[in-house]
Amino acid sequence: MPELPEVETTTRGLAPHICGQTVKAVNIYQTQLRWPIPLEVQHLEGQLSGNIERRAKYMLWHFTTGSVVMHLGMSGTMRVVDAGTPLKKHDHFEVVFDNGKALRLNDPRRFGAVLWQPKDSELSIIHSLGPEPLSNDFDGDYLHHKLAKRKGAIKNAIMTNAVVVGVGNIYASESLFLSGIHPKRAANRVSKTRCQLLANNIKLVLEKAIQQGGTTLKDFTQTDGSPGYFAQQLNVYGRAGEACPNCQSVIKKITLGQRSSFYCPSCQN
DNA sequence: ACTGGATCCTGATCGC
DNA sequence: TGCGATCAGGATCCAG
């Protein structure tokens, strides 16, 4: 489901199908997502679609009058289908094009979002986003500086969008494992050297996952596969009770910020 | 200014 | 087999 790599893959996959198409109709079947879908998106009818890009886990789909901002939440998927194809359960939002195709958002849990961002303005949820993890704006020095006043757990810190975007629950655990840092360690007590290591490992893990993005998406479109998609490549996530690949200690599971966290008690401190 | 907790919602799975 | 409790890959908002 929607970790950063999947949003990236979705964005890339969607682009050739929707960019340059003219919108014939916009259909809202369930307005109540994370926030109500604004009526402005209806005004897209007749407009020519521009390009689509990813920012954090949001997709920004540009039109001349503004942009559609889409988020997949925990359970969202987007598909391009032939217009008129029977709706599936939890299809909430649809954009029909002149070429007979339609873009559909399906989201069982409805944690996703469809918003409208007028031209030359920026929604606050976009404005407040920290740097992209794969950009040069994000490195060890930046991270160390940013964490200086954060006393909470390092794992929560790297999952905070104001610090860095796109690090989900899985990759937070994985990158901390690779860096030998205990998830509960106070963020401001991670040394500069270790911040550099951590920043590099976040990039590494995400890049690797993006390479697998296609597979990820495919797995997901198939029948479920909850913990599974990336499973072979995960060192600690979802592996409580198993042996640490480095030292054979038993991997532990704790709860941090209401999210499951996995770590090796010997390798990480 | 930072942080922990509640919160939105459905569905799959686990334990009894 | 049934049923309630628990857990999911997100992230904003709000009280303290």
Side-chain angles (χ1 to χ4, degrees), chain A residues 1-10 29-37 54-59 69-77 88-93 105-115 123-130 133 145-175 183-189 202 205-206 208-210 212-213 215-217 219-231 233-234 236-241 253-262:
Chain A
M1 281 196 248
E3 284 275 338
L4 181 144
E6 301 213 352
V7 181
E8 178 71 27
T9 310
T10 299
Y29 301 110
Q30 165 63 272
T31 187
Q32 203 57 49
L33 302 186
R34 167 135 209 197
W35 298 285
I37 299 178
R54 180 190 61 75
R55 172 76 172 102
K57 289 173 189 162
Y58 293 92
M59 287 173 280
V69 177
M70 300 180 288
H71 195 288
L72 298 175
M74 296 271 257
S75 57
T77 51
K88 292 188 175 177
K89 195 175 183 183
H90 305 304
D91 278 346
H92 305 315
F93 174 73
L105 168 67
N106 185 282
D107 183 9
R109 290 181 73 180
R110 289 195 261 138
F111 284 2
V114 175
L115 297 171
L123 296 178
S124 62
I125 53 166
I126 302 294
H127 183 75
S128 62
L129 292 172
H145 177 72
K146 198 73 182 173
L147 298 182
K149 288 176 184 172
R150 299 190 81 100
K151 197 175 173 283
I154 179 66
K155 191 210 169 211
N156 292 343
I158 58 174
M159 288 181 69
T160 299
N161 276 340
V163 175
V164 59
V165 302
V167 182
N169 200 35
I170 292 177
Y171 302 119
S173 278
E174 291 297 310
S175 57
K184 232 174 155 177
R185 170 171 283 270
N188 61 2
R189 291 189 51 248
I202 286 172
V205 158
L206 287 175
K208 218 176 186 179
I210 287 176
Q212 307 269 325
T215 316
T216 301
L217 204 62
D219 284 351
F220 176 61
T221 351
Q222 287 173 7
T223 52
D224 180 311
S226 300
Y229 62 100
F230 210 43
Q233 327 231 357
L234 298 176
V236 290
Y237 186 86
R239 295 191 182 278
K253 173 183 176 177
I254 54 172
T255 299
L256 276 175
Q258 299 135 287
R259 311 299 295 280
S260 293
S261 313
F262 301 85

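All values derive from a computational prediction rather than experimental measurement. A note on names: the letters A, B, ... follow the listed sequences, proteins ahead of strands, and every chain is numbered from 1.
For A:Arg54 (side chain) and A:Ala56 (main-chain N/O), a donor-acceptor pair under 3.5 Å exists by modelled atom type. No donor-acceptor pair closer than 3.5 Å links the side chain of A:Glu8 to the backbone N or O of A:Ile210. A donor-acceptor pair under 3.5 Å is absent between the side-chain atoms of A:Arg150 and the main chain of A:Ala157, judged by distance alone. Put simply, the side chain of A:Thr31 gets close to the backbone of A:Ile37: a donor and an acceptor are under 3.5 Å apart. Between the A:Ser75 side chain and the A:Arg109 main chain, a donor and an acceptor come within less than 3.5 Å of each other.
Applying the side-chain contact (heavy atoms from CB on, under 4.5 Å) test to A:His92 and every residue at least two apart in sequence or in another chain returns A:Gln30, A:Leu33, A:His90, A:Asp107, A:Arg110. Judged as a side-chain contact (heavy atoms from CB on, under 4.5 Å), and not counting sequence neighbours, the contacts of A:Arg34 are A:Ala113. Every residue meeting the side chain to side chain donor-acceptor pair (under 3.5 Å) condition with A:Arg55, not counting sequence neighbours, appears here in chain and number order: A:Glu132. In this structure, A:Phe93 has no ring pair (Phe, Tyr, Trp, His ring centres under 6.0 Å) partners at least two apart in sequence or on a different chain.
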Do nucleotides 11-16 of chain C as a string where each nucleotide becomes B, S or -: B if the base has a protein heavy atom under 4.0 Å, S if just the sugar-phosphate does, - if no protein is that close.
BB----
May I have the list of side-chain donor-acceptor pairs in residues 159-170 of chain A shorter than 3.5 Å, sequence neighbours left out?
from: A:Thr160; atom 1: OG1; to: A:Asn156; atom 2: O; distance (Å): 2.8
from: A:Asn169; atom 1: OD1; to: A:Lys155; atom 2: NZ; distance (Å): 2.5
from: A:Asn169; atom 1: ND2; to: A:Ser260; atom 2: O; distance (Å): 3.1

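If you find the closest nucleotide of DNA chain B to A:Gln32 and to A:Lys146, the one lying nearer the 5' end belongs to A:Lys146.
Between the NZ atom of A:Lys149 and the P atom of B:dT3 there is a distance of 12 Å, rounded to whole Å. In this structure, A:Asn169 places its CG atom 13 Å from P of C:dC7, rounding to the nearest Å. One interatomic measurement links the two molecules: CG of A:Asn106 to P of B:dC9, which rounds to 17 Å at whole-angstrom precision. A:Leu33 has its CG atom 18 Å from the P atom of C:dG10, to the nearest Å. Between the CD atom of A:Gln30 and the P atom of B:dC9 there is a distance of 9 Å, given to the nearest Å. At whole-Å resolution of the value, CG in A:Leu147 and C1' in B:dC2 are 13 Å apart. Per the geometry, CZ belonging to A:Arg54 stands 14 Å off P belonging to C:dG10, to the nearest Å. To the nearest angstrom, P of C:dG10 lies 19 Å from CE of A:Met70.
Both geometric conditions, a ring-centre gap below 5.5 Å and a plane tilt below 30°, are not fulfilled together for A:Phe111 over the base of B:dC9.
For the P atoms, the distance linking C:dC7 with B:dG5 amounts to 15 Å, nearest Å. The P atoms of C:dC3 and B:dC9 are separated by 24 Å, rounded to the nearest whole Å.
In this model, the phosphate group of B:dG11 is not approached by any side-chain N or O of A:Arg109 to a distance below 4.0 Å at OP1 or OP2. For B:dG11, one of the phosphate oxygens OP1 or OP2 lies less than 4.0 angstrom from a side-chain nitrogen or oxygen of A:His90. Residue A:Lys89 places at least one side-chain N or O under 4.0 Å from the OP1 or OP2 atom of B:dG11.
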Dot-bracket notation for DNA chain B is requested: 5' to 3', Watson-Crick or G-U wobble pairs only, both distances under 3.5 Å, with ( ), [ ], | and . as defined.
.|||||||.|||||||
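For A:Arg110 against B:dC9, a side-chain-to-base donor-acceptor contact under 3.5 Å is absent.
The residue A:Thr160 sits apart from the nucleic acid: no heavy atom pair falls under 4.0 Å.
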